[in-house]
Amino acid sequence: MSHEETGVTPQDVDALFEKLRTLQEPKGYYFNKDTALAKGLIEQLIALRKSMGYAPCPCRLANGTREADNDIICPCVYREEDVREYGVCFCGLYASKEWNEGSIPHTTVPERRPPENILF
Ligand code: SF4
C-alpha cells in the first residue's frame, strides 16, 4: 500500500522506527537490516493501529478484536522464541544481531500461533 492509501507519512514511520529501535535494541531485538522492509512493516503497523485501535502483526490475518488478537499484537508473544530459534520473527521485522550479520542461516520461520487462536 502507498503512503496515500494508508494515510501514514514517512515522518510518522521514521518517528516510530526510532522510538522502537531505542526501546528494542537494548533487549536484543534489532530491526531487519533491510530497512525498507522494516519501515514498510512499521507503516502497516501504524495504519492498522489507526483503523483497528491496536496493531496486530502485519503478516497475519487478524481476528478483529483486541482480546482475540492479544497474542499477535506487535511485538507478538511468539517473537522471543522465533528470534531465539531462527534469529528472526515470523514477519521478518525483528532479528538478532547474528541474523542481521548473516552469521546464522536465513530460513523460513514457521507459524507458531496455535490454530485454535486463528478464528477464520
Ligand atoms: S511476527 Fe514480528 S512483526 Fe509480527 S507481530 Fe510478531 S514481532 Fe511483530
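Remember, it's 1-based here, ligands and their atoms both numbered in the order they're listed.
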Inset, instruction - Verify the distance criterion only: is there a donor paired with an acceptor across the side chains of S103 and E98 at less than 3.5 Å? - result: no

Inset, instruction - Determine, using ring centers only, whether Y94 and F31 are less than 6.0 Å apart. - result: yes

Inset, instruction - Non-hydrogen atoms closer than 4.0 Å to ligand 1: which protein residues do they belong to? List them by chain and number, please. - result: C57, R60, I72, C74, P75, C76, R79, C89, F90, C91, L93, Y94

Inset, instruction - Step through the shown structure and confirm whether more than 12 heavy atoms of other residues, nucleotides or ligands are within 6.0 Å of NZ on K97. - result: no

Legend entry - Contacts of type ring pair (Phe, Tyr, Trp, His ring centres under 6.0 Å), residue Y86, not counting sequence neighbours: none

Inset, instruction - Mark yes or no: R79 above the aromatic ring of F90, with NZ or CZ under 6.0 Å from the six-membered ring centre and no more than 45 degrees from the axis. - result: no

Legend entry - same_hphob_cluster(L23, I73) at 4.5 Å side-chain heavy-atom cutoff: no

